[in-house]
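Contents: one structure, followed by commentary.
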Number of protein chains: 2
Amino acid sequence: MIVDQDRASPSVKDVRDAAEQIRAVAVRTPVITSPVLDAATGARVLIKAENLQRTGSFKFRGAYNRLSRLSDDDRARGVVACSSGNHAQGVAEAARLLRTPATIVMPTDAPAGKVRGVRERGATVVTYDRLSEDRFAVMADIAKSTGAVETPPYDHPHIIAGQGTAGLEFAAQSDAAGARLDALFCNVGGGGLMAGLALAFEAESPRTKLYAVEPAGFDDTRRSLLSGVRKRNAAAGGSICDALLPEAPGEMTFGINKPRLAGGVVVTDAEALAAMNFAFRRLKLVLEPGGAASLAAVLFGKIDVRGKTIGVVVTGGNVDADMFERAIGV
Amino acid sequence: MIVDQDRASPSVKDVRDAAEQIRAVAVRTPVITSPVLDAATGARVLIKAENLQRTGSFKFRGAYNRLSRLSDDDRARGVVACSSGNHAQGVAEAARLLRTPATIVMPTDAPAGKVRGVRERGATVVTYDRLSEDRFAVMADIAKSTGAVETPPYDHPHIIAGQGTAGLEFAAQSDAAGARLDALFCNVGGGGLMAGLALAFEAESPRTKLYAVEPAGFDDTRRSLLSGVRKRNAAAGGSICDALLPEAPGEMTFGINKPRLAGGVVVTDAEALAAMNFAFRRLKLVLEPGGAASLAAVLFGKIDVRGKTIGVVVTGGNVDADMFERAIGV
């Protein structure tokens, strides 16, 4: 039997390999603590600040792990990806470092700063309409017509393994701080980061309960976990959490997440904005709406965390000034 | 001869003692790196993110070191401090933790969020007019009439030693990252943090050149270093860098800084705002104007840092929403 290694679900070994692969170019993001956050939640909270990652989100990890493993031939043909903006910038940055042409399929309503961040890095942007077009079909068409290699946003072993490197770091940083995480909250779109974290924590901190955090109306992973099969979202847009609006959980990511997650919680746009405001005033961190959902889940007590030691992955900070002003205005 | 230990200039031993004293309550702030900042400056830049310190600035370090060393009798009488807002919040927080009454003398034009941060922590705020009143005289009057213990913003050995703990951390964190800092840029108001850093770096990294960064019109330390004697600022207000507007360098702080600093550089308000914008867009950090001056100095090439390894202490992130919007608006 021949197994296509490129398509086999990753293991923690792949995550460890990815950590080596990206070490020289990715930022080992800090873990941040805040007495005022501890007081506000009644918990000891450790924040893994992936908004401080290269390109402003964790997405660079998976993108670089994927692109750097392509053959010279593949790299010469270039890559194509679809993303609302964080994976887009991750791929564009990885492609720039590896001198690979990149085309990114982005929705017409992507934040301006994210589109700028892709173009600045030398990638070509192709737009699609979130409501009427299938981004994966657009990506596949481009791949077919140009020969570019597809770099999906989450459902690929190299992407998942790359994102999981944040989990290996977080587990080690928690250990170093003498903290045993009772629970971990992470924002979930397609579930690539969550799946990578799940692999890392299963190996490094198996007693930590993992919770997916999703925006209201886009709780496909929460509902899928409850039913045991992948559920789609009814809407295609309408939340300010632009990074967390997938069609449905990935097949590979959900296969990893289903047996490993404790559940999912939902936050509203207003709660995400309030978490951004808290991060501005109290933590001095810039978060985008979808990057702050995990913090919102803890601030708004979606799960009782009082007396517990809690990990929160804030996943991105690529937010336009007008949206940020909306969050910090009083 | 009897030496008043409370008034003797501190040594690095005092800084090390302070590190022990504050360990359980202060945040060991992370050192942040950013490939985009390295590309923008042509240097390898390590940022010591003191905006992530408890109360949003480094000031908590010195305040807690001072207040926690008071006798029970002194603590019962309470403390009085003067500050535009960061030392104020540091003292208020330390006083809250130590159950000590605190009165803070703040200028009438202090940022609203800083005043709120002091009151939220249970301290009493007394205002003075920056242009017509001497804050030190107001503080002394309150001390005399109430018996409260003065907690000056910089010119005290326990304050200087406390701030210096950031330097011990930064030196150790740089070592751990395999970085030998060629130069270190730090914002300077009265010079307490700079003096503490100078003691720490003299011991831990004596080849690092130290530069004071000050706002235009308030370059008292730069001019004092050039002339060898303490110079006053002509103006009492008028820069948005509210944390960096002292009357003159402290006597004790300048005594420490004079033989240890390589020089001083000046940034404009516009440059500080641009650095805040850069920190928002690229670093995902919230900085206040005076907290971003050091970053501005590096971004605007006040000293040639190309090819060098550079430390930058960003000192605070307590900024009102309207000022932040001014910085991030395009």
Leu46(B) to Phe170(B) - nearest heavy-atom pair and separation: O-CZ, 3.3 Å
Contacting moiety of [X], where chain B heavy atoms sit under 4.5 Å:
X	answer
Arg28(A)	neither
Val36(A)	neither
Ile32(A)	side chain

Partner of Ile47(B) under side chain to side chain contact (heavy atoms under 4.5 Å, CB included), chosen from Ile310(B), Leu37(B), Val31(B): Leu37(B)
Would you mind telling me which of [options] has the largest number of heavy-atom pairs within less than 4.5 Å of chain A?
options	result
Pro35(B), Gly316(B), Pro30(B)	Pro35(B)
Asp322(B), Thr29(B), Val319(B)	Val319(B)
Glu288(B), Glu93(B), Gln53(B), Glu120(B)	Glu120(B)

Pair Arg61(A)-Asn65(A), side chain to side chain donor-acceptor pair (under 3.5 Å): steps then yes or no: CA-CA 6 Å; Arg61(A) 298 175 182 269; Asn65(A) 190 48; over 6 Å; no
Ring geometry between Phe280(A) and Phe324(A) (parallel below 30°, tilted from 30 to 60°, perpendicular above 60°): perpendicular
Candidate pair Lys48(A) and Gln173(A), rule side chain to side chain donor-acceptor pair (under 3.5 Å), full reasoning: CA-CA 9 Å; Lys48(A) 178 68 168 166; Gln173(A) 289 163 316; 2.9 Å; yes
